[in-house]
Amino acid sequence: MIMDPYDRYELMVNGMVVQTPIVLASMAGVVDAEYALARSENAGMVCIGGYSIDDATMAASRSLVEAGREEFLPDDPVAEIRAQAQALMESGLVVAVNMRGSTPASFAAVAGAIGPSIVYEIDAHCRQEPMIAAGCGEALLHDTAALMETVRALKKEGVTVSVKIRAGVAEDDRALARALWQAGADILHIDLMDFGHTKLRQIRNACPLVLIANNSITSFLVAKDMLAHGADMVSLARHADPATLASLNRSIAEYADETGWYNAPKQLCRGGDIRSLTFCCMPVKKCPLLPVLDTLGISRNEFMSLKLDGVKNTPLQGGENTCFGSLAWCCKSSTPCMFRNMALKEAGLSLPDYMRYKRRLSEKLMKRVFDGDLFYATE
Ligand SMILES: Cc1cc2nc3c(=O)[nH]c(=O)nc-3n(C[C@H](O)[C@H](O)[C@H](O)COP(=O)(O)O)c2cc1C
Ligand code: SF4
Ligand code: SF4
């Protein structure tokens, strides 16, 4: 069966359906339209660049080139970014441009000139000395006021904003994620370094942004681990060779079709992020659910109503012979259970469809978690 990409992933970025949750991460001097077109069959989004967009950062790029690094160094960055984006118009890829700028105004000027058809990614990641001295890259993870101002300046142009960070550099990545969300950012692109999924889960539990997990995603197993701990997409730079991308794309698609929810979290008691509340039991026993509800400021009664209201008039409302009398409380499909499966059969629901409804329920629960006035989520 040929599956429509929207039905498969239900993922939209910048108003476009993402064909596959695989992102081509930027590499200065390397990732441009030609590079992306050669990989577009097995990617959903590309971050072209990084491009240095003002005098200070272009000077930094020149000194990096002198030191032997590759950099894009067009005379007119705006014209070049526009031309590269134009060449990708028909590619089916969501296009983002990764930029290094020394002031918020520099970023806003590029967005003002090119408009909302592409995503604008702030490079708060580069750790090359000349870039840091120009006030961009990693410098923005120490001067978070400047980073927030940059996000706000871009948002004023009415565009979709991504922020590329390296984990473990800012004082507190969770606080950073929340501040970026509150400043209006749409996407957080995280180089997880060696922190792995624990860091990703913390960030997932702190904000509702679209998350791209990056660093050493070389196989489906690694990608799946990221997707199960909160990533909406995974990105590749050094290993974005066509064979790796093709194999990842194939496996992620198979997994999505088999399970019905390509980035379903693990259950909470197995280390899942808070999206997994959708799989939690009725709050009647001592288990990790109760402390999590406490931290979220959600009482047991409210949780009961949230789950039951969330499945009202959906096939998950039924299931009277399951442990807690409704599929709202039932476990993830990877946990075998005869009672749930019988209820699904009665309702005429396949396991992947069950997971699609669980995803809907999770989205409703997350809306409450992140719309609430409570400041903090959990580990
Ligand atoms: C040669 C090279 C150039 C890079 N240039 C940029 C850049 O301009 N902007 C940026 O945000 N990240 C840049 N990165 C970081 C990558 O996008 C990515 O975060 C990092 O390589 C880790 O992911 P990987 O394991 O998939 O390579 C660069 C990485 C490499 C290897
Ligand atoms: S409520 Fe159930 S699924 Fe959730 S943490 Fe407790 S035992 Fe695990
Ligand atoms: S009926 Fe099965 S799936 Fe549902 S809560 Fe009980 S053990 Fe979990």
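Counting starts at 1 for both ligands and their atoms, following the listed order. In what follows, residues are counted from 1 in the order of the sequence shown.
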Cation over ring, Arg8 on Tyr6, under 6.0 Å and within 45°? no

CG on Asn249 to OG1 on Thr244, rounded to 0.5 Å: 12.5 Å

Thr160 and Asp186: side-chain hydrogen bond (donor to acceptor under 3.5 Å, both in side chains), yes or no, with the steps? CA-CA 6 Å; Thr160 300; Asp186 303 279; 4.6 Å; no

Starting from atom 8 (Fe) of ligand 2, what is the nearest protein heavy atom, named by residue and atom, and what distance separates them? Cys269 SG, 2.3 Å

Any N/O/S atom of Cys280 sitting less than 2.8 Å from atom 8 (Fe) of ligand 2, backbone or side chain? no

Can you label the angle between the Phe279 ring and the Trp261 ring as parallel, tilted or perpendicular, going by 30° and 60°? tilted

Is the closest heavy atom of Arg270 to ligand 2 under 4.0 Å? no

Shortest protein heavy-atom distance from atom 6 (Fe) of ligand 2, along with the residue and atom involved: Cys287 SG, 2.3 Å

Ligand 1: protein N/O within less than 3.5 Å of ligand N/O:
{"unit_1": "ligand 1", "atom_1": "5 (N)", "unit_2": "Ala28", "atom_2": "N", "d": "3.0"}
{"unit_1": "ligand 1", "atom_1": "8 (O)", "unit_2": "Gly50", "atom_2": "N", "d": "3.1"}
{"unit_1": "ligand 1", "atom_1": "8 (O)", "unit_2": "Arg100", "atom_2": "NH2", "d": "3.3"}
{"unit_1": "ligand 1", "atom_1": "9 (N)", "unit_2": "Ser26", "atom_2": "OG", "d": "3.3"}
{"unit_1": "ligand 1", "atom_1": "9 (N)", "unit_2": "Asn98", "atom_2": "OD1", "d": "3.0"}
{"unit_1": "ligand 1", "atom_1": "9 (N)", "unit_2": "Asp123", "atom_2": "OD2", "d": "3.2"}
{"unit_1": "ligand 1", "atom_1": "11 (O)", "unit_2": "Asn98", "atom_2": "ND2", "d": "2.9"}
{"unit_1": "ligand 1", "atom_1": "11 (O)", "unit_2": "Lys164", "atom_2": "NZ", "d": "3.1"}
{"unit_1": "ligand 1", "atom_1": "12 (N)", "unit_2": "Lys164", "atom_2": "NZ", "d": "3.1"}
{"unit_1": "ligand 1", "atom_1": "14 (N)", "unit_2": "Ser26", "atom_2": "O", "d": "3.3"}
{"unit_1": "ligand 1", "atom_1": "17 (O)", "unit_2": "Ser26", "atom_2": "O", "d": "2.7"}
{"unit_1": "ligand 1", "atom_1": "17 (O)", "unit_2": "Lys164", "atom_2": "NZ", "d": "2.9"}
{"unit_1": "ligand 1", "atom_1": "19 (O)", "unit_2": "Lys164", "atom_2": "NZ", "d": "3.2"}
{"unit_1": "ligand 1", "atom_1": "19 (O)", "unit_2": "Asn214", "atom_2": "OD1", "d": "2.6"}
{"unit_1": "ligand 1", "atom_1": "23 (O)", "unit_2": "Asn214", "atom_2": "OD1", "d": "3.3"}
{"unit_1": "ligand 1", "atom_1": "23 (O)", "unit_2": "Asn214", "atom_2": "ND2", "d": "3.0"}
{"unit_1": "ligand 1", "atom_1": "25 (O)", "unit_2": "Ser216", "atom_2": "N", "d": "2.7"}
{"unit_1": "ligand 1", "atom_1": "25 (O)", "unit_2": "Arg238", "atom_2": "NE", "d": "3.4"}
{"unit_1": "ligand 1", "atom_1": "25 (O)", "unit_2": "Arg238", "atom_2": "NH2", "d": "2.6"}
{"unit_1": "ligand 1", "atom_1": "26 (O)", "unit_2": "Ala237", "atom_2": "N", "d": "2.8"}
{"unit_1": "ligand 1", "atom_1": "27 (O)", "unit_2": "Arg238", "atom_2": "N", "d": "2.9"}
{"unit_1": "ligand 1", "atom_1": "27 (O)", "unit_2": "Arg238", "atom_2": "NE", "d": "2.7"}

If the condition is salt bridge (charged side-chain N to carboxylate O under 4.0 Å, His left out), which residues does Arg356 pass it with, not counting sequence neighbours? Asp353

Anything under 30° is parallel, anything over 60° is perpendicular, the rest tilted; go ahead and classify Trp329 against Phe324. perpendicular

What heavy-atom pair brings Val23 and Cys47 nearest, and what distance separates the two atoms? CG1-SG, 3.9 Å

With side-chain hydrogen bond (donor to acceptor under 3.5 Å, both in side chains) as the criterion, how do Thr278 and Ser362 come out once you've worked through the C-alpha distance, each side chain's angles and the decisive distance to 0.1 Å? CA-CA 5 Å; Thr278 191; Ser362 169; 5.3 Å; no

Could you please tell me which protein N, O or S atoms lie under 2.8 Å from atom 6 (Fe) of ligand 3? Cys323 SG

Those residues at least two apart in sequence (or on a different chain) that pass ring pair (Phe, Tyr, Trp, His ring centres under 6.0 Å) with Phe220 are Tyr255

For Asp273 and His229, does a side-chain donor sit closer than 3.5 Å to a side-chain acceptor? no

Atoms in ligand 2 flagged as close to Leu289, the criterion being non-hydrogen separation under 4.0 Å: 1 (S), 5 (S)

Give the atom numbers and elements of ligand 2 that come within less than 4.0 Å of a heavy atom of Gln267. 3 (S)

Apply side-chain contact (heavy atoms from CB on, under 4.5 Å) to the pair Cys126 and Glu138, showing each step before the final yes or no. CA-CA 5 Å; Cys126 182; Glu138 212 176 86; over 6 Å; no

Contact between Asp123 and His189 at the side-chain level, heavy atoms closer than 4.5 Å - yes or no? no

